[in-house]
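What follows is a set of notes on a single structure, which appears directly below.
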Amino acid sequence: MYPQQIHSYLLKFFQENDCHIINGNDHYFSVQLTIDMDKKIMNRPFYWRYLENTNGVPNPAQLTFITDQNNLNEDIRGEVVHFGSPRLNQIFQATKDLGTFVQMYESVLDIRNTKTILTPWLGVNYKVSYYSDQTKEMLHSLGINLITGNLMNDFHEWLSEVDLDSKIPEDTINLTYIIKPLRALERLDLVVEQFIHQDDDTWAEEAKSRWKKDREVLEHFYEGVENKPECYEMEVKALEEHYEARIKIEIINGGLFYMQ
Amino acid sequence: MIIERSSEWKEGFIERLDKLETWDNWSLYNMSYDVVKTNLITEFTGLQSPKYLPNLTPLRHQLEVAETVIERMNGKAILADEVGLGKTIEAGLILKEYLIRGLVKKALILAPASLTNQWIDELNQKFYIPAISYKKNYVLDDYTVVVMSMDMAKKSPHKEVIYDQNYDMIIIDEAHKLKNHKTKNYEFVQNLKKKFCLLLTATPIQNNVLELFHLISLLKPGHLGNIESFQSSFSTNNHSLDQDEYLKELVNQVMVRNRRQDTGIEWTNRRVLTIPIQFTKEEKEVYELILDLKNYSTVFSGSFSMITLQKEMCSSKEATYLTLNKMRQKCVDPDEIAYVEGIIQKLMTLEINSKAEKVFDIISNANDKVIIFTEYRASQAYLQWYLYSKGISSVLFNGKFKKNKRDWMKQLFKDQAQVLIATESGGEGINLQFCHHVINYDLPWNPMKLEQRIGRVHRLGQEHDVHIYNLAIDNTIEKSILDMLYVKIGVFEKVVGELDDILSAYKKSM
């Protein structure tokens, strides 16, 4: 992410969370946090507990972020935020927490004065991480039609081309799902596992052979030693943790979508 | 294959379906997806870390080392670049990469006490890694990246506390201090669980090839076989290596080493002069008397103390006096005492120090900032006094100084004094690129110490040719030291690779 991207990302994040932007330009801005946002990102639970116990006047923090120090001409004091800085990671995490579950409806233009039928879908975004001594990640965005059970890949890409609203539009008929959302979730979980099984597992095989090779080297070191010392067991354990192939499936976010 | 999943999302989803919680904001939902997509690590290979580090421009060889260690050595390696090429940067890149990829959650960095602050600064400022310095009573569970001095770490109760932590990565700076497998340091590290592990040293071999065996066995036990097989195939006699090539290849599987000329950076030259010095008649006489002492008294029969005395006599009468006087106190026989006192008297009447005079010549000719390395504190003090009497200002430096004092002395040297006089232990951890004259007033037995000394000035940022003056007094023990230095450099070059000039080609004519 470039400074510009980070800048607009942060602005959008605070605006979406009802935090007032006080001033700024393309390289910095100051923001007045809401009470909720202060609690979320300022790490001061004692302050808030004290305030609530004493019925004090809440005074949420104002922050200044510098997103592009190199192009900053003004004499501004603030937190320098860049890709990789702890503050940005914290805000990424906050975004994740605040955008995990949605229920959305396709906006319908009412032209013919007829009722439009909206079909419910469950959409889930999965991140799959492959670990051995190396790692890589994959993103799977899946959708399942809760009436027909039809599956769709790249579901999120499809959604991004549609106008969505969190309120139920007028003049629509929202079908009630036949497949229960939790059942559908189990289906999607299985689909992701299938992806994993069909996936090329050379990486795991290679990690295994590196493991085996290192293990042989270790055995050679202790060849003929009858009572192997504690550090031998530890090396064995370390090799296992180092090379053993693991896969982690995480759900980024997901929700119910009513679509034409 | 182990598949890990969590039911956290499902539980939150149920709460929304049951209308116990409200649904989230659609924009934030999209932003969250976009962030994950942007930051996705789609390949097992390649470095992610550089794009997270806007304030650092790693050099090409540093990036290559990081890639090699991660992709070819599976994160277990000896980083053995020559002094001054940025091993700390390389280690930082590797650690950062593993942190980003989530393969390392907790890391421990062990360094000499004098370097811990430097590590903390670099990790925090250049790499945005929130490293902290370990203090007594800290609860280690709370910290992800900890820097600790080796001396503290190996002792109870810290040792046990560390063993209880599940560190994914261990980084050990100045790892040549682990060359001896009978030390507490070695035992401590041997019993640490080492998943990802980096050993940093510019000088993986100091005296003989067995040191390299022990170092590698710490990192990867068995890589060079066990001790018996190693000795029988590679080194019954330290100085003759038949299977050089084979050993070199094995070593290269776990060790990366860049030399200056490999880096593609334009390095200034090293101009090395070995300067022979003649004792005055009076100095020579005292030296011979000392050499002869072993025939007069059993107190002087030990070869170690005799070597020390000879080396000290080549350095200064002040250094010699301290040892000689201490040994005189061990003498019982009145004749012996009288004899030794006679020598001490002769010693103390010496008026000329030939080597110090040479130093004055060199400094006058250089007409620039100069660093002098000596092995003895007494010589250090003497030199400061001597140079002062000649109108030359100097500051002292040694490894026992606290960080503040080190920085202060460095600043004084930079701004005011012409000469910095350092003892051996002052050789590590200071960077003095603004100076380019180094006088090795005393020669150490170990060539890597010379390399460490020269590395203080001949490093990234040096703009001038570096002049190195090795002083050795004719017909004394210093001649043997020179010979030994050449032999040891030979062993190192066979297994590890060439060293820059540290002794000059003067050898032949010595």
Side-chain angles (χ1 to χ4, degrees), chain A residues 1 9 12-13 16 82-86 92 95-96 98-104 125 127 129 131 133-139 156 160 164 166 181-182 185 193 196 203-204 210 214 217-221 223 230-231 234-235 237-238 241-242 244-255, chain B residues 1-6 8-10 12-14 16-17 21 23-33 35-45 51-55 70-71 74-76 96 100-103 128 130 168 190-196 217 220-223 225-226 229:
Chain A
M1 274 175 125
Y9 180 90
K12 195 167 171 204
F13 173 81
E16 288 295 339
H82 61 86
F83 192 55
S85 67
F92 285 164
T95 314
K96 188 169 184 280
L98 295 167
T100 321
F101 310 97
V102 289
Q103 179 166 249
M104 302 299 292
N125 298 319
K127 184 165 105 173
S129 310
Y131 295 102
D133 58 317
Q134 302 173 327
T135 171
K136 85 168 182 184
E137 299 163 346
M138 302 257 277
L139 203 52
H156 194 81
S160 61
L164 294 169
S166 59
L182 290 183
L185 179 61
E193 274 192 34
I196 292 169
W203 68 278
R210 289 194 290 272
D214 276 11
V217 163
L218 179 69
E219 294 302 332
H220 181 51
F221 191 71
E223 218 164 60
E230 210 176 304
C231 53
M234 193 146 53
E235 286 287 342
K237 179 120 198 330
E241 288 177 17
H242 194 158
E244 191 171 44
R246 289 176 296 128
I247 293 175
K248 193 165 132 198
I249 304 174
E250 253 176 297
I251 295 179
I252 310 297
N253 50 21
Chain B
M1 189 99 61
I2 303 161
I3 294 184
E4 298 166 8
R5 47 165 79 246
S6 141
E8 205 183 322
W9 189 82
K10 188 175 167 185
F13 187 51
I14 292 173
R16 265 83 186 173
L17 290 174
E21 285 278 345
W23 298 94
D24 295 333
N25 173 313
W26 174 237
S27 293
L28 291 170
Y29 181 96
N30 277 303
M31 286 169 82
S32 177
Y33 180 82
V35 165
V36 173
K37 199 172 172 183
T38 316
N39 298 353
L40 204 67
I41 301 163
T42 52
E43 297 292 332
F44 281 117
T45 54
K51 65 181 178 200
Y52 288 79
L53 304 171
N55 294 342
I70 291 169
E71 287 166 23
N74 320 323
K76 265 190 162 183
K96 184 77 186 179
I100 292 170
R101 286 176 175 267
L103 289 169
Y128 306 100
D168 309 297
Q190 194 168 34
N191 287 306
L192 262 178
K193 189 165 80 183
K194 294 172 289 293
K195 222 168 111 187
F196 296 103
S217 299
K220 245 181 140 175
H223 185 74
N226 54 28
S229 65

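Order of the sequence lines sets the chain letters (A, B, ...), proteins ahead of strands, with each chain counted from 1.
Ion pairing between A/E193 and B/R5 holds under the 4.0 Å rule for side-chain N and carboxylate O.
Both the backbone and the side chain of A/E241 come within contact range of chain B, with heavy atoms under 4.5 Å apart. In this structure, chain A has a heavy atom under 4.5 Å from the side chain of B/L17, while its backbone stays farther away. Both the backbone and the side chain of A/R246 come within less than 4.5 Å of a heavy atom of chain B. Interface residue B/K37: backbone and side-chain heavy atoms are both found under 4.5 Å from chain A. At a 4.5 Å heavy-atom cutoff, the contact between A/L139 and chain B is made by backbone and side-chain atoms alike. Of the atoms belonging to A/M104, it is side-chain heavy atoms, and not backbone ones, that fall under 4.5 Å from chain B. Contact of B/I100 with chain A is not made at all, since no heavy-atom distance falls under 4.5 Å. In this structure, the portion of B/E43 lying under 4.5 Å from any heavy atom of chain A is its backbone and not its side chain. Heavy atoms closer than 4.5 Å to chain A are found nowhere in B/D168, neither backbone nor side chain. Both the backbone and the side chain of A/K248 come within contact range of chain B, each with at least one heavy atom under 4.5 Å from a heavy atom of that chain. A/T100 touches chain B through backbone and side chain together, each having a heavy atom under 4.5 Å away. In this structure, the portion of A/A204 lying under 4.5 Å from any heavy atom of chain B is its side chain and not its backbone.
Residues B/H223 and A/D214 bring no donor and acceptor atom of their side chains to less than 3.5 Å of each other.
For chain B, the option among A/I252, A/L218, A/N125 with the highest count of heavy-atom pairs below 4.5 Å is A/N125.
Between A/H82 and B/Y128, a ring centre-to-centre spacing shorter than 6.0 Å is recorded.
Atom NZ of B/K10 and atom CG of A/L185 lie 6.5 Å apart (nearest 0.5 Å). If you take CD on A/E250 and OG on B/S6, they are separated by 8.0 Å, rounding to the nearest 0.5 Å.
Around the CD atom of A/E219, the shell of radius 6.0 Å holds more than 12 heavy atoms that belong to other residues, nucleotides or ligands.
For the pair A/F101 and B/F13, the tightest heavy-atom approach, listed with the atom from each and the gap, is CE2-N, 3.3 Å. Contact record, B/Y33 with A/N253: N-ND2, 4.1 Å, taken as the closest heavy-atom pair.
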